[in-house]
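One structure is given below, encoded as structure tokens.
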There are 2 protein chains.
Amino acid sequence: MTKAFEGINEKNQKKLLRMLEANVYHYKKNSNILSTIKNVNMIGIITKGYIQITRSNDNGSRTIIEEVEEEEIFGTFISSLKSKDYEIITKEDTDIIMIDYDLLIQNNFRNCEYYHQFIKNMFEFVTKKIQEKNERIEILTQKSIRNKLLEYFNIMFKKTGSKYIYLPFTFMDLADYLAVDRSAMSRELKNLKEEGFIEIKGKKITLCYDKNSSIYMGL
Amino acid sequence: MTKAFEGINEKNQKKLLRMLEANVYHYKKNSNILSTIKNVNMIGIITKGYIQITRSNDNGSRTIIEEVEEEEIFGTFISSLKSKDYEIITKEDTDIIMIDYDLLIQNNFRNCEYYHQFIKNMFEFVTKKIQEKNERIEILTQKSIRNKLLEYFNIMFKKTGSKYIYLPFTFMDLADYLAVDRSAMSRELKNLKEEGFIEIKGKKITLCYDKNSSIYMGL
DNA sequence: TCTCATTTGTTGCAATTGCAACATTATTTT
DNA sequence: AAAATAATGTTGCAATTGCAACAAATGAGA
């Protein structure tokens, strides 16, 4: 059972999905699925697999808007998916429950206990998304690559409490996430290494500084 | 009646607020109110006035995280307000209803109609916030000042359908929003003017290009 | 209306960054 | 295991940007 249905027993889950006219889709790995859902305000609940939402510029470069893992949700109300620039790609064989957002938010299910529970679950997903986006904004508003990296490290440190950071994605994706040129980021990481602030082994980065360090003065 | 209580009559509104142990605060203009709410997960509903949420760096510069207008909501779940770097400043005499987020999300009010309605209203606020944050991220991920400006203009254009953009804030604040140096932005605006793509009169910017224009090639 | 404070415009300069191109190392596929 | 593909490291160079400093314009308050 996914978190989206927490507090709703299986029987009511089925009732709920019928009520919301939900559809279950099964996609193969590396499918572009946006075309199948484009024209509606929808919520997708990923019950198996995971997806990447990307946006491509006219010059061809592509940016990851977000990755949505198993058990998580996505939708037109979370990312604007309506332009042709967007793609939703399954990175594994993926199952998705699609729900019409407008139907969900309509007022027709007033006395339905599990409906309210579901809304509340959605609410919690959405507040989590907001926090993720806030983090990204805090990083993106930093004016130098160095400070973007340090802000990213800070956030990871606060989350895990550990000075060992395991990148959840490649360095290419990190550059993308920070919205900087990959090679320029690579250069800056090298600087930080040479100045003794960090160590890097594969995707594991070790922070060798603390709050009192001189590196914090600029931030 | 604020949108937060849409679909809830006044009597039930009062019941709801009592149930949620809501407090109403009255602040004078230019008060720093964060200290009064810091330690809880809270939602604030602004019934009168408006506020600015800012974050200051160690070097003293301050960034506007968001402006929250009358009728809108804010809270620890929307912006992380827990660090000392944040400030919430009232820009007018302001009334705020404070609600404990954890209490709101608890499961004790199962059969309460207006409670569910309220959650749903909050849900819609929050999805709107997400979309605002998505917009900002799309802007911030642009790699040049020019492209940030153009992306900003695009978004404003899409919202209003008009080529006349009235800046809702000062150019200083715009630089802040785009996370670029003000003078560098000013320089770039001048370039765009001289190349004939825009006109500027005070806070009114006119777009002199369209989708087919060469200016779009890079974007 | 005058004064003071804030915002906006401008410019030179140094530092940072993006870009392109290529070498090297990992990873995946056959 | 070999070959193909993808990711990472590196560097020079030109373009962009941030920073600082100051002038001009605008707006707010006395």
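Every heavy atom of this structure was used, including side-chain atoms; hydrogens, water molecules and symmetry mates were not. Numbered from 1 within each chain, the chains take letters A, B, ... in sequence-line order. If you're wondering where the values come from, they're calculated on a predicted model, not measured in any experiment.
In this view, A/K201 satisfies the side chain to side chain contact (heavy atoms under 4.5 Å, CB included) rule with no residue, not counting sequence neighbours. A search for side chain to side chain donor-acceptor pair (under 3.5 Å) contacts involving A/Q52 returns A/E67, not counting sequence neighbours. The side chain to side chain contact (heavy atoms under 4.5 Å, CB included) test applied to A/E138 returns A/E151, B/R55, B/S80, B/Y86, not counting sequence neighbours. In terms of the side chain to side chain contact (heavy atoms under 4.5 Å, CB included) criterion, residue partners of A/K204 (sequence neighbours excluded) are, by chain and number, A/Y164, A/Y166, A/T206.
The backbone N or O of B/I139 sits nowhere less than 3.5 Å from a side-chain atom of B/T141 that would complete a donor-acceptor pair.
To the nearest angstrom, C1' of D/dA7 lies 14 Å from CG of A/L189. A/K201 places its NZ atom 18 Å from the P atom of D/dT8, with the value rounded to the nearest Å. For A/L174 and D/dT8, the CG to C1' distance is 13 Å, given to the nearest whole Å. Summarising the geometry, the separation between CG on B/D173 and P on C/dT6 is reported as 14 Å, rounded to the nearest angstrom. Between the C1' atom of D/dT16 and the CZ atom of B/R146 lies a distance of 12 Å, rounded to the nearest Å. The CG atom of A/L167 sits 14 Å away from the P atom of D/dA7 (whole-angstrom rounding). Atom CG in B/N191 sits about 14 Å away from atom P in D/dA15, given to the nearest Å. The CD atom of B/Q142 sits 15 Å away from the P atom of D/dT16 (whole-angstrom rounding).
Base engagement by B/S186 is indicated by at least one non-hydrogen atom pair under 4.0 Å involving a base atom.
Under the 4.0 Å criterion applied to side-chain N and carboxylate O atoms, B/E92 and B/K28 are not assigned as salt-bridge partners.
A/D95 and A/T47 form no side-chain donor-acceptor contact under 3.5 Å, judged by distance and modelled atom types alone. Of the N and O atoms on the side chains of A/K3 and A/N121, not one donor lies less than 3.5 Å from an acceptor on the other residue.
The one candidate from A/E66, A/E135, A/E124 that meets the salt bridge (charged side-chain N to carboxylate O under 4.0 Å, His left out) condition with A/K129 is A/E66.
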Heavy-atom contacts, protein to nucleotides 18-30 of chain C, under 4.0 Å, summarised as B (base), S (sugar-phosphate only) or - (none) per nt, yield BBB----------
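Contact check, A/T170 against D/dT8: a side-chain N or O comes under 4.0 Å of OP1 or OP2.
Terminal axes of the helix from C/dT1-D/dA30 to C/dT30-D/dA1 (five pairs each, C1' rotation axis) are separated by 60°, to the nearest 10°.
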